[in-house]
Protein chains: 2
Amino acid sequence: METATCTDKCRTVMPAAEDALYIIAGKWKVRIIIALASGDKRFNELQRTLTGISARVLSNELKDLELNGLVSRKTLDNGTVLYVRNAYADSLRNVMHELVQWGIGHKEKIRNREI
Amino acid sequence: METATCTDKCRTVMPAAEDALYIIAGKWKVRIIIALASGDKRFNELQRTLTGISARVLSNELKDLELNGLVSRKTLDNGTVLYVRNAYADSLRNVMHELVQWGIGHKEKIRNREI
DNA sequence: CTGTATCCTTATTGATACTG
DNA sequence: CAGTATCAATAAGGATACAG
């Protein structure tokens, strides 16, 4: 990252992108956020929706998301636990939107053998 | 969006986001793309720029990026090899922009103990 | 210089069982 | 139901050496 190459902008942009990816990336994070967009869900319900995730991994992922304020754990009076997508997760809307658009375009490109 | 679980929109959105993340995510992909934004670079030059990456990992990452059309490998007449960021990588600009913006905002939130 | 091969260590999963 | 604990399997990463 020398002056001639990666300068101010680069030094701002790179860590910021990494920070965001650090929180979003991984096999399950986005899926969980999307899954919770359609309503609060219980642990087992989530596990069923996200086919293939183990309880251990789901547990860890939810903790991460909670730590970053994207999801909350809510215990109802009757004792059932619900995972709730926070309003803050909406701040990811633009990111998700661009991500999705690019993903769709990219797949299309591959299907057409443009790559 | 209304139904209780994951329906049409969800089923479109989820895999598209995953596809995109699959290509972008990881410790190095974004850094490499950013590093190459400031000009073509040789293998060793890249390795020096991206402090901490091993030759093996860099090699693998570059192959991935090449496969996905984001980067090209160009051999000059004198034999030197250059890694070049393709125009297609620009299609990631919106994604990166949103990612960066969110990353900045998120860090700010954490600094202010809002999470 | 541009990588690949190898070996070794560490992180991530998966499966299963088990507790409150 | 909502998880945790444990252990085995696998994947990913680092260090070093070396070939073209």
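If you're wondering where the values come from, they're calculated on a predicted model, not measured in any experiment. Below, chains carry the letters A, B, ... as their sequence lines are ordered, and counting in each starts from 1.
- Among Ile32(A), Leu70(A), Leu67(A), Val57(A), the single residue meeting the side chain to side chain contact (heavy atoms under 4.5 Å, CB included) criterion with Leu62(A) is Ile32(A).
- One N or O donor and one acceptor, one from the side chain of Arg56(B) and one from the base of dG14(D), sit under 3.5 Å apart.
- In this structure, Leu82(A) atom CG and dA2(D) atom P are separated by 8 Å, rounded to whole Å.
- Summarising the geometry, the separation between CD on Gln47(A) and C1' on dG3(D) is reported as 10 Å, rounded to the nearest angstrom.
- The side chain of Phe43(B) approaches dG3(C) more closely than any other nucleotide in the set dG14(D), dT4(D), dG3(C).
- A salt bridge does not link Arg73(B) to Glu66(B): none of the charged nitrogens lies less than 4.0 Å from a carboxylate oxygen.
- Residues passing the side chain to side chain donor-acceptor pair (under 3.5 Å) test with Thr80(A) are Asn78(A), sequence neighbours excluded.
- Remark: Tyr83(A) is not in phosphate contact with dC1(D), judged by side-chain N or O atoms under 4.0 Å from OP1 or OP2.
- Between the P atom of dT12(C) and the NZ atom of Lys27(B) lies a distance of 11 Å, rounded to the nearest Å.
- Using a distance-only test at 3.5 Å, with no hydrogens or angles considered, no donor-acceptor pair links the side chain of Asn94(A) to the main chain of Glu98(B).
- Atom CG in Asp40(B) sits roughly 16 Å away from atom C1' in dT2(C) (whole-Å rounding).
- Phosphate proximity of dT2(C) to Lys74(B): absent, as no side-chain N or O sits under 4.0 Å from OP1 or OP2.
- Straight-line distance from the CG atom of Leu58(A) to the P atom of dA5(D): 16 Å, rounded to whole Å.
- Counting only heavy atoms from C-beta on, Arg42(B) has its side chain closest to dT2(C) among dA2(D), dG14(D), dT2(C).
- By the 4.0 Å N-to-carboxylate-O rule, Arg111(B) lies close enough to Glu108(B) to be salt-bridged with it.
- For the pair Glu45(B) CD and dC1(C) C1', the interatomic distance rounds to 12 Å; values are reported in whole Å.
- In this structure, Ile53(A) atom CD1 and dT4(D) atom P are separated by 13 Å, rounded to whole Å.
- The nearest heavy atom of DNA chain C to Asn44(B) and to Ser59(B) marks one nucleotide each, and the one closer to the 5' end goes with Asn44(B).
- As rounded to whole Å, 8 Å separates atom C1' of dG3(C) from atom CZ of Arg73(B).
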